Amino acid sequence: MHAAILLFDFLPHSWPLDMTSNEPKTPTVNRRQPSGSSTTLPQPNFFPRSHASLTSDISLTSTPSAKGIVAHQTASTREKIDPYLNEDLTASRVYLPFETFLQKVFNLPEDWKTNAEISSLLGALEADKAYGDKLDLYLAACDAEGKEDTLYAPAATAYNQATSVLATTEGVHDLSSTLYVYRQDDKRVVGTRASMEKVKFCPDLGGVLYDLWVQSSNDAELVNLEGPAANFSWEQLIIFLEYKREMLMDRGVGAPTVLGANGMDPRDLALLKKILKSVQSASVTSTGATKRGSDSSKPAAKRQKSDPSKTPSRPDIESSDQKELTFDNETIERKKVAYQCANYGLHILSAGGFKDYSLGALICEDEIQLMYYDHSCIAISAPLNFRSDRRMFMLFQVCLFKTQQASFQNRGGIIGRLFEKPSPYMRDYAKYQKVVGTDLRNIFVGQFITLQDAKGPFLVKLGRVIDQQTGLIGRCTYIVNAESETRWPGMKLVVKITWSPTDRTSEATFVNRIREEAAAQNADWVLDHVPNILHSQDFERLPDEVGCGLAAFLNDPSTRYADGRRFTYENRVLRVSVHEKLCKLSEASSVVDYAQIFFDVLQVHRWIYDHARILHRDISQRNIMWHMRRGRICGVLNDFDLSSFRDSTSPSSKQRTGTRPFMARDFHANPDAPPVHLYRHDLESLFYVMFILVTANKLLKTPKYDDRVPGEKCYLDPYVFGHYSSWLGYDDATLYTEKGKLAQLRKLPAPADSAFEVLAYCMSELHTALCAGFYAQDGHVKLIREALAPPKPTLRLRERVAAQSEVRLPTVTEVELPAFEDSTLDGKWTYATAFNALSDEDFENMYPIACPDT
């Protein structure tokens with residue numbers, strides 16, 4: 001009796017691996033047919049290929065690590081979220097002149113100075129005495145000594161007065177779609193993530209639609225003193241305004257910077273040069289702490305008041321050497337403010353349902369800096385001193401007014417076109433409180449989206465949110481329960497909504513390829529182990545939507561950048577797909593089920609790699625799922641969003657592939673230049689999924705039910721936090737070290753639950769094989785380093801150096817080294833290794849299960 005039958009009795013397929021020098025033939029195991037089946041399930045037919053064809057793969061060397069691929073929800077505290085935001089701010093931030101920001105984000109016409117409508121609106125603001133008085137009152141508050149909160153009330157009244165004047169000028173008698181600014185600092189915005197519960201996390205001022213403000217019954221005067229009695233949510237917030245007494249503006253350090261129309265660099269070059277000198281001097285200092293910026297060790301100083309009669313001068317300094325700076329060279333205080341604002345932007349984008357973009361502003365007394373966040377970039381404007389340039393500040397308020405009428409009332413952009421009706425929660429305060437309240441999983445309950453296939457348009461009714469990836473840059477996927485009585489009556493569905501790069505092959509394309517190949521080879525068993533995608537559709541942004549001018553402008557070769565450092569904007573589409581619902585891994589109730597699921601995923605992953613010639617590249621705990629088929633549990637390899645065809649040579653997304661805690665160790669070594677993604681990397685990810693599952697969870701005999709998700713049961717207790725559960729919040733450097741330490745262990749840690757001992761025993765064999773592979777890999781790297789090391793300073797070498805003779809070191813191609821098979825870690829880490837570990841005969845004694853002999 002073969003042990004594979006003991007654990008995986010119902011798996012109807014077993015197949016040999018391709019015959020290669022490093023992948024021995026997989027043991028053939030006969031499976032009995034599922035109960036009730038009257039037909040013989042055909043065995044897959046394999047054809048040997050050369051090793052070269054087996055290991056070919058899409059090159060990922062062109063895939064820089066924007067690292068936004070890691071969902072921010074893995075971080076449990078603000079201290080753990082900030083490093084993720086730091087990565088986004090480092091890799092995806094672009095700095096723009098203030099006027100350029102208005103033109104490319106708010107679609108301000110290029111000829112705005114002669115545009116009749118813009119001129120009329122600006123003239124109305126300039127002529128309105130009440131608005132001028134309120135703005136003067138705010139500036140007087142800036143000049144007076146006092147706390148930051150003394151600025152809030154005069155600022156809010158000035159904004160709202162501007163809206164009133166502009167609406168009157170435009171003949172807008174219904175103010176329901178205009179922006180109302182109020183004081184929010186006294187209360188955390190509804191829907192703030194649990195990671196922010198222990199801190200006061202709320203913007204100073206917020207902006208909502210006037211209609212919503214009226215329905216909330218807040219006292220207009222009281223709210224500017226105490227904040228809203230009837231609070232608002234991130235879904236309803238249109239813009240955030242953050243105020244500071246200190247000068248803590250983003251100075252564009254380390255960011256690609258667009259030059260102004262006159263060719264002027266919008267940054268303060270004298271200050272940047274001072275920072276650069278500080279960094280350079282610190283880098284050559286062998287003692288003492290490295291100084292990150294000119295004032296990183298000092299508290300932010302009180303800024304000198306601006307003199308309206310003077311125009312800021314720009315020194316004639318070459319900016320080409322500023323490209324040596326990075327965001328890490330910015331001061332600690334400024335970085336904290338950048339994290340704070342980015343976190344607000346993140347919450348508006350993802351904690352309030354899925355949105356196209358979010359807007360914000362940082363105001364340091366009489367200077368304002370605008371911020372735009374979407375899933376491809378963080379656009380920051382150069383600061384504007386509105387004491388000395390009121391007209392440009394008024395132009396910003398004109399842009400905000402024009403934009404809010406066209407876009408804000410309907411969530412904005414693509415999202416507004418996706419839903420059958422505008423979001424009721426942007427206007428109806430009572431309905432939001434009744435349906436959603438504080439439970440954001442209800443944010444789409446009862447709402448309809450309109451999709452279209454070959455038969456025509458059809459409606460899909462959304463339910464509760466199952467899962468979402470919280471983040472700024474990246475796909476930021478939503479999974480929502482759904483149903484469609486017109487297309488798939490009675491079927492449990494989920495709708496997957498993701499911001500996918502336009503040049504990335506859709507998940508539906510990969511899955512269709514797998515299904516076509518399975519049909520061609522009569523491998524029907526494969527269909528039980530891949531997702532059933534019923535419909536997929538892309539929605540593109542329209543040219544007149546907020547922020548849509550950025551992509552073409554930033555990518556235009558004629559756009560002039562400072563320092564020669566350009567920004568590449570990754571265009572995205574909103575990809576909406578309808579899937580048959582699957583069960584989460586945590587819903588499996590026994591260790592036998594988990595073993596079966598992992599074994600299924602191992603086999604179907606290899607079949608897809610060999611026959612459909614697709615590499616998954618994102619194996620993680622969330623992407624391994626299951627469902628019941630013909631009375632047995634079937635593991636499903638889900639989510640092919642980051643997959644690639646092995647024969648493809650097209651460029652891949654800016655985002656690195658994988659989910660950080662489960663990524664292969666190689667990808668943590670040098671995140672900015674990731675290696676080619678190989679089959680063995682996916683195999684290593686599967687090992688980490690099993691490892692974290694076993695060491696950080698207990699298996700419950702009685703399932704617990706999440707009150708937030710009625711009917712969803714969970715047999716894993718995720719509150720058993722051992723050392724390895726903390727991997728979920730680690731950065732690349734820490735994970736590289738941790739996975740290296742794991743490879744050095746002689747014995748794996750005990751499982752968190754004795755029920756998992758059977759899987760732990762299997763994992764010990766996988767661990768031994770992986771350790772052997774790492775040891776061989778590290779030994780090979782050591783040989784290369786020794787071969788390429790400079791020669792020892794012998795007498796003859798000294799003579800040659802003294803004679804200024806060239807001492808040429810050998811190159812990699814000139815050094816004779818023992819052969820090393822990187823694709824399998826020299827044959828130590830293969831599919832056959834994993835197959836044998838998951839079907840070890842010792843299982844018979846450890847976990848006996850009555851079953852027929854093979």
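No experiment lies behind these values; they were computed from the predicted model shown.
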Of all the heavy-atom pairs spanning Tyr243 and Ala155, show the shortest one and how long it is. OH-CB, 3.2 Å
Measuring only between side-chain heavy atoms, which start at C-beta, is Tyr159 closer than 4.5 Å to Leu241? yes
Main-chain N/O of Ala116 paired to Ser120 side chain as donor or acceptor, under 3.5 Å: no
Asn160 (side chain) donor-acceptor with Tyr180 (main chain) under 3.5 angstrom: no
Please give me the minimum heavy-atom distance between Leu166 and Leu125, naming the atom from each residue. CD2-CG, 3.9 Å
Side-chain (Arg541) to main-chain (Asn571) donor-acceptor, under 3.5 angstrom: no
Please report the closest heavy-atom contact between Arg387 and Cys142, naming both atoms and the distance. NH2-CB, 4.3 Å
Distance (rounded to the nearest 0.5 Å) between Tyr152 OH and Ile363 CD1: 10.5 Å
Please find the pair of heavy atoms, one from Tyr561 and one from Leu554, that lie closest to each other, and give the distance. OH-O, 2.7 Å
Taking the six-membered ring for Trp, are Phe106 and Phe101 parallel (under 30°), tilted (30 to 60°) or perpendicular (over 60°)? tilted
Going by the angle between their ring planes, with limits at 30° and 60°, are Phe232 and Tyr182 parallel, tilted or perpendicular? tilted
Using the side chain to side chain contact (heavy atoms under 4.5 Å, CB included) rule, take Ile118 and Leu108 through it: C-alpha gap first, then chi angles, then the decisive distance, then the call. CA-CA 9 Å; Ile118 300 297; Leu108 175 69; 4.3 Å; yes
Can you tell me how far the CD atom of Glu126 sits from the CG atom of Leu121, to the nearest 0.5 Å? 11.0 Å
Student check: side-chain heavy atoms of Lys335 and Asn86 closer than 4.5 Å: yes
Are Asp265 and Arg267 close enough for a salt bridge, meaning some N to O gap below 4.0 Å? yes
Ile473 and Ser376 have their tightest heavy-atom pair at CD1-C, 3.8 Å
In terms of relative ring orientation, are Phe444 and Tyr478 parallel, tilted or perpendicular, with 30° and 60° separating the classes? perpendicular
Does the side chain to side chain contact (heavy atoms under 4.5 Å, CB included) test come out yes or no for Ile368 and Phe98, once each step is laid out? CA-CA 10 Å; Ile368 183 171; Phe98 194 89; 4.1 Å; yes
Just how far is it from atom CE of Met249 to atom CG of Asp268, taken to the nearest 0.5 Å? 13.0 Å
Answer yes if the side chains of Thr90 and Glu87 hold a donor-acceptor pair under 3.5 Å, and no otherwise. no
If you define the side chain from C-beta out and look only at heavy atoms, does anything of Thr331 sit under 4.5 Å from Arg251? yes
Under 3.5 Å side-chain donor-acceptor pair for Asn231 and Gln184: yes
Full working for salt bridge (Lys or Arg N to Asp or Glu O under 4.0 Å) between Lys402 and Glu170: CA-CA 10 Å; Lys402 295 293 293 182; Glu170 286 275 87; 3.0 Å; yes
Within the supplied structure, the quantity of interest is the number of heavy atoms (other residues, nucleotides, ligands) at a distance under 6.0 Å from Tyr210 OH; does it exceed 12? no
Heavy-atom side-chain contact between Tyr373 and Tyr344 under 4.5 Å: no
Apply side chain to side chain contact (heavy atoms under 4.5 Å, CB included) to Leu370 and Leu102, showing your working. CA-CA 9 Å; Leu370 306 181; Leu102 296 182; 3.8 Å; yes
Only residue of Glu333, Glu367, Gln340 satisfying side-chain hydrogen bond (donor to acceptor under 3.5 Å, both in side chains) with Lys244 is Gln340
For the pair Lys187 (side chain) and Cys202 (backbone), establish whether a donor and an acceptor sit closer than 3.5 Å, ignoring hydrogens and angles. no
Atom pair CD/SG of Glu242 and Cys364 - distance to nearest 0.5 Å: 9.5 Å
Under 3.5 Å, side chain of Arg93 to main-chain N/O of Asp88, donor-acceptor pair present? no
So, Gln369 versus Asp250: side-chain donor-acceptor pair below 3.5 Å or not? no
Are Phe386 and Leu139 close enough that some pair of their side-chain heavy atoms sits under 4.5 Å apart? yes
Are Ser358 and Phe240 side-chain neighbours, meaning at least one heavy-atom pair lies under 4.5 Å? no
Glu330 with Lys336: basic N within carboxylate O range, under 4.0 Å: no
Heavy atoms only: give me the nearest Trp234-Lys355 pair and the separation to one decimal. O-NZ, 3.2 Å
For the backbone of Asp356 and the side chain of Asp374, can you confirm whether one donor and one acceptor N or O come within less than 3.5 Å of each other? no
Please check: side-chain N/O of Gln215 versus main-chain N/O of Leu212, any donor-acceptor pairing under 3.5 Å? no
Test item: Arg560 side-chain N/O and Leu259 main-chain N/O as donor-acceptor pair under 3.5 Å: no
Can you tell me how far apart SG (Cys341) and CG (Leu89) are? Round to the nearest 0.5 Å. 9.5 Å
Thr559 backbone acceptor or donor facing Arg566 side chain under 3.5 Å: yes
Are any non-hydrogen side-chain atoms of Gln397 and Phe393 less than 4.5 angstrom apart? yes
Does the side chain to side chain contact (heavy atoms under 4.5 Å, CB included) test come out yes or no for Ile380 and Leu96, once each step is laid out? CA-CA 6 Å; Ile380 308 293; Leu96 303 169; over 6 Å; no
Rounded to the nearest 0.5 Å, what separates atom SG in Cys377 from atom OH in Tyr569? 5.0 Å
Regarding Asp556 and Ser558, is there a side-chain donor-to-acceptor distance under 3.5 Å anywhere? yes
Is there a side-chain contact between Leu359 and Met371 (heavy atoms, below 4.5 Å)? no
Does the Thr157 side chain pair with the main chain of Pro154, one donor and one acceptor, at a distance under 3.5 Å? yes
